Amino acid sequence: MIEIMDTTLRDGEQTNGVSFSAQEKKAIARMLVKELNVNRIEIASARVSEGEFESVKSIAAWAAQTGYIDRIEVLGFVDNGLSLNWIRDAGCRVVNMLCKSSLKHLTKQLKKSPEQHIADITGQIALAQEMGIEVNLYLEDWSNGIKDSPDYVYQLVDALQSLPVRRFMLPDTLGVLTPDITFQYCKAMLDRYPSLHFDFHAHNDYDLAVANVYSAVNAGVKGVHVTVNGLGERAGNASLSSVVAVLHDQLKKDTDIVEARINHVSKMVEMYSGIHISPNQPITGENVFTQCAGVHADGDSKSNLYYNSLMPERFGRTREYALGKTSGNANIRKNLESLGIDMDEESLRKVTQRVIELGDKKEIVTQEDLPYIISDVFRHDIQENRIRILNYSLSLTQGLRPVATLKIEIDGQIYEETATGDGQYDAFVRALRKIYEKLVRPFPMLTNYAVSIPPGGRTDAFVQTIITWRHEGVDFKTRGLDADQIEAAIKATVKMLNKIEK
């Protein structure tokens with residue numbers, strides 16, 4: 001069993017531009033412990049600020065009430081008891097004490113001898129014991145220390161190994177290790193100190209954090225440090241989702257992590273942090289369970305030929321089949337099956353051809369677009385679309401609020417309205433809402449608005465507008481494509497209106 005320590009709320013918050021509020025930190029802590037069942041979470045550094053103290057105090061109070069207080073850890077320093085007092089007063093019981101395991105750091109930053117530093121650490125550990133605080137030791141810059149001054153690293157651990165230290169934690173503080181070297185260094189520590197519990201803490205400067213975790217566990221370490229979405233200083237830390245998948249599948253190691261909740265927690269941290277997950281991020285990226293090539297979809301229909309152990313259902317997700325110029329009949333059929341649409345071979349061929357044509361124009365085709373493509377192919381769109389925009393006029397004048405006038409047909413009846421807004425699209429939506437208010441019909445809430453423009457595109461390049469709506473408790477997206485951003489947004493809005501009617 002490999003122990004997982006998540007440091008999203010400490011090291012992860014050191015990501016440039018990330019600062020969680022007290023409420024967000026508490027919410028993330030609860031998700032990590034209760035939903036994911038993470039063994040330990042590092043929630044802060046001691047003595048950062050008064051606000052951080054109150055945040056830690058709130059999390060500790062919740063953890064004490066719910067029986068999780070021993071999973072809550074705080075980074076502390078060798079500072080004559082100041083960190084320990086801060087941690088005790090906040091209500092926590094575990095300190096991750098930072099000491100220098102690089103002789104260069106010790107002599108040039110602290111300007112102390114190894115003997116002085118060992119004496120200081122020993123005193124802090126004794127004080128922690130008196131306070132009832134459990135101690136883990138971070139051997140800061142261990143990766144450089146074991147490379148440049150191994151005798152000092154061994155001197156340090158030799159002196160501390162018999163003291164009440166629960167875990168010795170080996171950080172690759174500057175992210176300089178490779179998998180081979182990680183294995184070599186970790187194995188050296190384990191061979192010399194077989195009775196100690198070692199953690200490994202990776203950084204991702206060379207994009208090797210997860211690979212280095214693999215090697216550390218292979219060497220025999222008992223615990224690893226991660227962050228949700230790989231947040232962390234500089235290039236970040238080892239990503240929780242990737243590490244868990246590698247441990248379970250590649251090393252056949254057990255953890256207590258609940259895989260099915262990984263995606264949900266990942267999305268919540270994405271929202272709180274404001275750091276977006278890359279679409280191709282393993283496990284949690286938007287595209288990682290999407291097949292694009294038609295041959296893959298065909299293979300999936302024939303004994304799951306293109307499946308691997310990373311089944312999306314494990315992580316609370318579903319497999320999707322992208323639609324575009326590489327789509328074949330198999331991709332289209334998979335999407336139609338999801339929509340509950342049955343189609344003969346000739347009809348399927350026509351729809352496939354239309355999707356390929358749209359893909360050649362670089363238009364992103366989604367499953368939600370398929371009913372409209374089908375209608376367009378068989379020229380039923382006018383009869384099937386109950387709502388049509390007949391005309392609209394958008395006015396933008398310097399010094400005046402934008403104005404929109406629109407004429408719309410709903411179930412054969414024509415309505416016209418004018419409104420002003422903070423922008424042209426806002427004015428358009430306000431005019432539309434006026435009509436819906438007169439008809440006493442519900443109008444969905446716009447919850448997100450995203451625009452995608454191809455890099456290096458000309459001024460007449462396609463713009464994709466993706467709008468997220470909430471209607472009667474259900475979230476869904478509609479997309480519009482046009483050379484004009486407002487036109488694209490209007491197209492997405494018309495799709496939304498017809499979608500809720502159907």
Side-chain angles (χ1 to χ4, degrees), residues 5 7 10-11 42 45-48 73-88 92-177 181-182 184-203 216 219-223 225:
M5 194 275 268
T7 182
R10 199 276 299 173
D11 214 343
E42 189 175 49
S45 296
R47 301 173 55 204
V48 168
E73 303 175 1
V74 176
L75 177 74
F77 308 94
V78 181
D79 55 7
N80 296 315
L82 294 176
S83 291
L84 292 174
N85 286 325
W86 193 95
I87 291 167
R88 179 197 58 192
C92 293
R93 298 182 190 168
V94 183
V95 59
N96 293 336
M97 192 178 294
L98 192 70
C99 63
K100 300 294 186 182
S101 71
S102 164
L103 188 60
K104 186 183 297 183
H105 277 218
L106 175 64
T107 56
K108 294 186 178 299
Q109 190 172 30
L110 295 187
K111 301 186 183 306
K112 291 190 174 185
S113 69
E115 292 74 19
Q116 288 174 315
H117 193 42
I118 289 169
D120 291 342
I121 297 167
T122 301
Q124 290 294 102
I125 293 172
L127 182 58
Q129 284 293 106
E130 292 176 13
M131 292 182 175
I133 296 175
E134 183 177 281
V135 176
N136 301 316
L137 274 182
Y138 264 122
L139 306 183
E140 186 185 13
D141 200 31
W142 165 80
S143 52
N144 277 315
I146 194 71
K147 175 172 69 75
D148 299 329
S149 50
D151 290 343
Y152 166 63
V153 173
Y154 295 142
Q155 179 187 1
L156 181 66
V157 180
D158 285 348
L160 302 174
Q161 63 177 320
S162 61
L163 300 181
V165 175
R166 179 71 181 274
R167 303 171 185 88
F168 287 80
M169 306 194 294
L170 310 176
D172 181 17
T173 304
L174 300 180
V176 296
L177 291 180
I181 298 299
T182 298
Q184 177 186 327
Y185 289 168
C186 287
K187 192 71 167 54
M189 298 295 290
L190 286 153
D191 287 346
R192 187 179 178 101
Y193 309 104
S195 63
L196 297 184
H197 175 118
F198 287 106
D199 280 3
F200 181 69
H201 179 108
H203 277 267
V221 303
K222 297 176 182 176
H225 298 185

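For clarity, every value in this text was computed on a predicted model and none was experimentally measured.
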More than 12 heavy atoms from other groups under 6.0 Å of CG on Asp148: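 Counting other residues, nucleotides and ligands, CG of Asp148 exceeds 12 neighbours.
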Under 3.5 Å, is there a donor-acceptor pair between the side chain of [X] and the main chain of [Y]?
| X | Y | value |
| --- | --- | --- |
| Gln109 | Leu106 | no |
| Glu140 | Pro171 | no |
| Ser83 | Gly76 | no |
| Ser102 | Gly145 | no |

Test side-chain contact (heavy atoms from CB on, under 4.5 Å) on Val176 and His203; report intermediate values, then the result. CA-CA 8 Å; Val176 296; His203 277 267; over 6 Å; no
Below 4.5 Å, heavy atoms only, C-beta onward: do [X] and [Y] meet side chain to side chain?
| X | Y | value |
| --- | --- | --- |
| Arg47 | Asp79 | yes |
| His117 | Tyr152 | yes |
| Asp199 | Leu170 | no |
| Asn136 | His197 | no |
| Val157 | Met189 | yes |
| Phe77 | Leu82 | no |
| Met169 | His201 | no |
| Val94 | Ile133 | no |

Step by step, would you call Asp11 with His225 a side chain to side chain donor-acceptor pair (under 3.5 Å)? CA-CA 10 Å; Asp11 214 343; His225 298 185; over 6 Å; no
Quick check: closest heavy atoms across [X] and [Y], and the distance to 0.1 Å?
| X | Y | answer |
| --- | --- | --- |
| Phe168 | Gln161 | CZ-CA, 4.0 Å |
| Ser101 | Val153 | O-CG2, 3.2 Å |
| Ser45 | Val74 | C-CG1, 4.1 Å |
| Leu156 | Cys99 | CD2-SG, 4.2 Å |
| Tyr154 | Ile146 | OH-CD1, 3.8 Å |
| Thr7 | Glu42 | OG1-OE1, 2.7 Å |

Working to the nearest 0.5 angstrom, can you tell me the gap between [X] [atom1] and [Y] [atom2]?
| X | Y | atom1 | atom2 | value |
| --- | --- | --- | --- | --- |
| Ile125 | Asp120 | CD1 | CG | 11.0 Å |
| Leu103 | Lys108 | CG | NZ | 9.5 Å |
| Leu139 | Leu98 | CG | CG | 9.5 Å |
| Arg88 | Asn85 | CZ | CG | 4.5 Å |
| Lys100 | Ile121 | NZ | CD1 | 10.5 Å |
| Gln129 | Leu163 | CD | CG | 9.0 Å |

Is it true that the side chains of Gln155 and Glu115 contain a donor and an acceptor less than 3.5 Å apart? yes
Regarding Asp172 and Ser143, is there a side-chain donor-to-acceptor distance under 3.5 Å anywhere? yes
Run the numbers on Trp142 and Cys186 for side-chain contact (heavy atoms from CB on, under 4.5 Å), then give the verdict. CA-CA 10 Å; Trp142 165 80; Cys186 287; 4.0 Å; yes
Name the one of Val95, Leu75, Thr173 that satisfies side-chain contact (heavy atoms from CB on, under 4.5 Å) with Tyr138?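 In the set Val95, Leu75, Thr173, the residue that makes a side-chain contact (heavy atoms from CB on, under 4.5 Å) with Tyr138 is Leu75.
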For Phe198, does the six-membered ring have the charged nitrogen or CZ of Arg167 within the cation-pi criterion, i.e. under 6.0 angstrom from the centroid and within 45° of the normal?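 Here Arg167 fails the 6.0 Å and 45° test against Phe198.
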What do the steps show when you test Met97 against Gln124 for side-chain contact (heavy atoms from CB on, under 4.5 Å), and what is the final call? CA-CA 9 Å; Met97 192 178 294; Gln124 290 294 102; 3.6 Å; yes
Could you walk me through whether Lys104 and Asp141 pass salt bridge (charged side-chain N to carboxylate O under 4.0 Å, His left out), step by step? CA-CA 10 Å; Lys104 186 183 297 183; Asp141 200 31; over 6 Å; no
